[in-house]
Amino acid sequence: MSDTRTIGSRAWGAAPWHGGQLRAAESIPSRADVVIVGGGLTGCSAAYHLSRLGIRPVLLEADVVASGASGRTGGIVLEGSAVGPLDRADTCVPGLARLVEREQIECDLRLPGCWEIEHGDGGARRLPWIDEGKPVYITGHVPGGTVEPSLLTLGIANAALRAGSIICEHARVTHIDCRDHLIVELADSQIRTEWVIVAANAWIKALVDGMRTASSLTFACATEVLNKKVVEALGLQEGIPFYTVDLPYLWGRVISEGRVIFGSGLLFDSSKRLEEIGLKTRSFALAIDTLTRRVRALHPALANISFSHAWAGPIAFTEDHMPILTCAPNQRRMLVAGAYSGHGVAMSVRAGELLALAVARNDPLPEWGAFSR
Ligand SMILES: Cc1cc2nc3c(=O)[nH]c(=O)nc-3n(C[C@H](O)[C@H](O)[C@H](O)COP(=O)(O)OP(=O)(O)OC[C@H]3O[C@@H](n4cnc5c(N)ncnc54)[C@H](O)[C@@H]3O)c2cc1C
């Protein structure tokens, strides 16, 4: 797919992803069996799996599909969760690969694994970098790989549309009333529904009371196109993505046109204020400046490069980094998923499937996802 569409209206800079086409619905229905709030990987996967199970959900996205973390992520595909593999979330990568294959989604999914790297004195192989004054070693090679994340998200959204889902963009949910019936409220309309799935990730707290999640922006940059010799000099010619298992945190990967993406940094704020922090704020500029300086200092071949993209995206955490996948307090028919702690590309697609199975087949949600901890 060669076309691009602007991925949302938020002032967080542009990621180097290509977007894609989506035919969203023109009007919002007044009734639904299931309303899904959020058009990222979790919500689109839930819509897709529900539709395949014979239920026609209505997905509401405040901005456009893939305008949150899912269209701004680094697209490193990892198994399990930020705390490791979990019951029923231990084969997320093969599940994602099957979905991509089944729906013929062109999203450049490659699964050569991922390096765990560490600052310090030793490991199987040294990378030719000095990061924050320290050498860097590859200390592990875990299952996973890379994907073009906005093409993946839009690909799943389009598959959901084909299977019968209704997707409405520019449809911000302002409140979910759970007193007598489930009513999902928007600025000038409302939907009465049997079930609600809140897949709003960094914005969950604004919609569901009692959530103990923290939201932050995290940062990334993409280099100019580097020639093969430079990519080789950096030790990245195999196209294997990487992330540090110690601090200071750094992740990265090569993307198809020969740019290298690096990411690091967190800027915490309340989920309600995330959208006010943008390119023009000092803290945003400082975070990007810190990251690009760090990248230029990694290797002499990077010392004078320019950056084609610098951007941020929202992530959500729980205190113990365990993802949330559960019912809202005292509301069995309102399900919530998110807070993957920056480890959510494959996990969110699996979470969407588990949510769909809970609604359509009454399957229990896994115990680890409860948020009463
Ligand atoms: C810069 C960055 C790099 C990352 N890198 C990686 C990585 O390499 N590997 C990895 O595994 N994970 C990574 N992650 C994390 C991963 O991208 C996320 O865990 C995943 O995309 C979460 O998907 P989601 O659908 O739950 O959330 P999102 O994609 O954020 O979707 C939530 C959606 O809800 C919408 N919404 C919010 N409030 C409302 C409302 N009131 N009404 C309607 N819609 C609403 C938002 O607009 C948004 O589109 C990264 C994240 C970021 C930001």
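Predicted, not measured: the structure shown is a model, and the values here were computed from it. Side chains are part of it too, since the values below use all heavy atoms of this structure and drop only hydrogens, waters and symmetry mates. Order of appearance sets the numbers: ligands from 1, and atoms from 1 within every ligand.
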When the ring planes of His309 and Trp311 are compared, do they come out parallel, tilted or perpendicular, using 30° and 60° as the limits? perpendicular
Classify the ring geometry between Phe242 and Trp129 as parallel (under 30°), tilted (30 to 60°) or perpendicular (over 60°). perpendicular
Evaluate whether atom CG of Asn227 has more than 12 neighbouring non-hydrogen atoms of other residues, nucleotides or ligands under 6.0 angstrom away.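 Correct, the count exceeds 12.
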Sequence-distant partners of Arg282, side-chain hydrogen bond (donor to acceptor under 3.5 Å, both in side chains), two or more places apart: none
Chain-and-number sorted residues having a heavy-atom contact under 4.0 Å with ligand 1 are Arg10, Val37, Gly38, Gly39, Gly40, Leu41, Thr42, Leu60, Glu61, Ala62, Ser67, Gly68, Ala69, Ser70, Arg72, Thr73, Gly74, Gly75, Ile76, Ala171, Arg172, Val173, Ala199, Ala200, Asn201, Trp203, Leu207, Thr218, Trp251, Gly313, Pro314, Ile315, Tyr340, Gly342, His343, Gly344, Val345
Which pairs pass side-chain hydrogen bond (donor to acceptor under 3.5 Å, both in side chains) with one or both residues in residues 344-366, sequence neighbours excluded? Arg350-Glu353, Arg361-Asp363
Applying side chain to side chain contact (heavy atoms under 4.5 Å, CB included), can you list everything that pairs with Pro143, at least two apart in sequence or on another chain? none
